[in-house]
There are 2 protein chains.
Amino acid sequence: MNMKAFSELVGLSPYTLRYYEKMGLLNKVQRNTSGHRDYTNKDVDWINFVIRLKDTGMPLSNILDYAKLRALGSCTVEERQDLLEQHKENLKAHIELQLNHLKALEEKIFLYKQKKVS
Amino acid sequence: MNMKAFSELVGLSPYTLRYYEKMGLLNKVQRNTSGHRDYTNKDVDWINFVIRLKDTGMPLSNILDYAKLRALGSCTVEERQDLLEQHKENLKAHIELQLNHLKALEEKIFLYKQKKVS
DNA sequence: TTACAAGTTAGAGTTAACTCTAAGTCAACT
DNA sequence: AGTTGACTTAGAGTTAACTCTAACTTGTAA
């Protein structure tokens, strides 16, 4: 799969994909005979997981930590699991907080509806 | 209330508070005789609301739009209410998305626990 | 009254995450 | 064979949201 197809499939611009690769988030991407990138289905799965981590607020530097452990192979499975567990807890806390914010926002809107806000 | 007390109360650094004021997010802050800022309880309420909007992902530029309407007085009540309603919907969508991400993350962790991940 | 902590401003510097430019090479179609 | 669009790299530029520096003034406690 070439750059364009991969880019459209995963929803990241070619600029961003090269940037991710340069910083080490996307390793050993295959090249065809003329030096152009040739992405695989495994790359699709991996980048989608990266996007999920990013969309749940994990900074790229932390995702990179995970990626480096992954590149080291199965001896890092436990450490990676710990990172994900930790991230899961952070995410749960984030969702709780956002639910509180939502409640407060609804109360504020209620005040507007009661014309109690100038 | 002076800079230090206000800063500690709302949890934003003096740098950030001056920055917010400079960009128009915090208007007509009172000054004492020697030119130092003298924050009121109304300022506390307002900045806390600003922080809530920010923490729910609203960019400062949008918060500034709301702040400008607020500064125009009661003739903008309806428009402000619309903005908040819209933001509420965005927030609900965001929470839904995060709940999906959480589920996917838990499934991934489950795979780790089953030793199905290398 | 002498420190020293806290306040002021304008403007420069930082960080994360892109996003683009320049200068070229490669691929596909007519 | 020529045009057009996609690809390559290194490195520069952008944006949001701070964060700090310099140079100075004010407030408080010993």
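As the structure is a computational prediction, the values presented were derived from the model and not from experiment. We use all heavy atoms of the structure for the numbers below, so side chains are in, but hydrogens, waters and symmetry mates are not.
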- Aromatic plane relationship, A:Phe6 with A:Tyr39 - under 30° parallel, 30 to 60° tilted, over 60° perpendicular: parallel
- Between CG of B:Asn2 and P of C:dA6 the distance, given in whole Å, is 9 Å
- Task: Measure centre to centre between the rings of B:His94 and A:His94, then say whether the value is under 6.0 Å.
- Result: yes
- May I ask you to verify if any side-chain N or O of A:Arg37 is less than 4.0 angstrom from the OP1 or OP2 atom of D:dC7? no
- Using a cut-off of less than 4.0 Å, is there contact between a side-chain N or O of B:Arg31 and OP1 or OP2 of D:dT25? no
- Could you check how far CD of A:Glu21 sits from C1' of D:dA10, rounded to whole Å? 14 Å
- Between P of D:dG27 and CG of B:Asp38, the distance in whole Å: 12 Å
- Message: Do the side chains of A:Glu8 and A:Lys4 get close enough for a salt bridge, i.e. N-O under 4.0 angstrom?
- Response: yes
- Query: Crowded around A:Asn41 CG? As in, over 12 foreign heavy atoms under 6.0 Å?
  - Reply: no
- Note: B:Glu85-B:Lys88 ion pair, threshold 4.0 Å (strictly below): yes
- Note on the structure: Given protein heavy atoms under 4.0 Å, the one-letter contact record of nucleotides 14-20 of chain D, with B base, S sugar-phosphate only and - none, is simply ---BBBB
- Task: Before giving the answer on side chain to side chain donor-acceptor pair (under 3.5 Å), spell out for A:Asp82 and A:Gln86 the whole-Å C-alpha distance, their side-chain angles and the decisive distance to 0.1 Å.
- Result: CA-CA 6 Å; A:Asp82 289 350; A:Gln86 183 57 61; over 6 Å; no
- Note on the structure: In 5'-to-3' order, the base (B), backbone-only (S) or no-contact (-) status of each nucleotide in nucleotides 23-30 of chain C, using a 4.0 angstrom heavy-atom cut-off, is ---SS---
- Query: Between A:Tyr66 and A:Phe49, is the gap from one ring center to the other below 6.0 Å?
  - Reply: yes
- Message: Does atom CD (B:Glu78) have a neighbourhood of more than 12 heavy atoms from anything else shown, all under 6.0 Å?
- Response: no
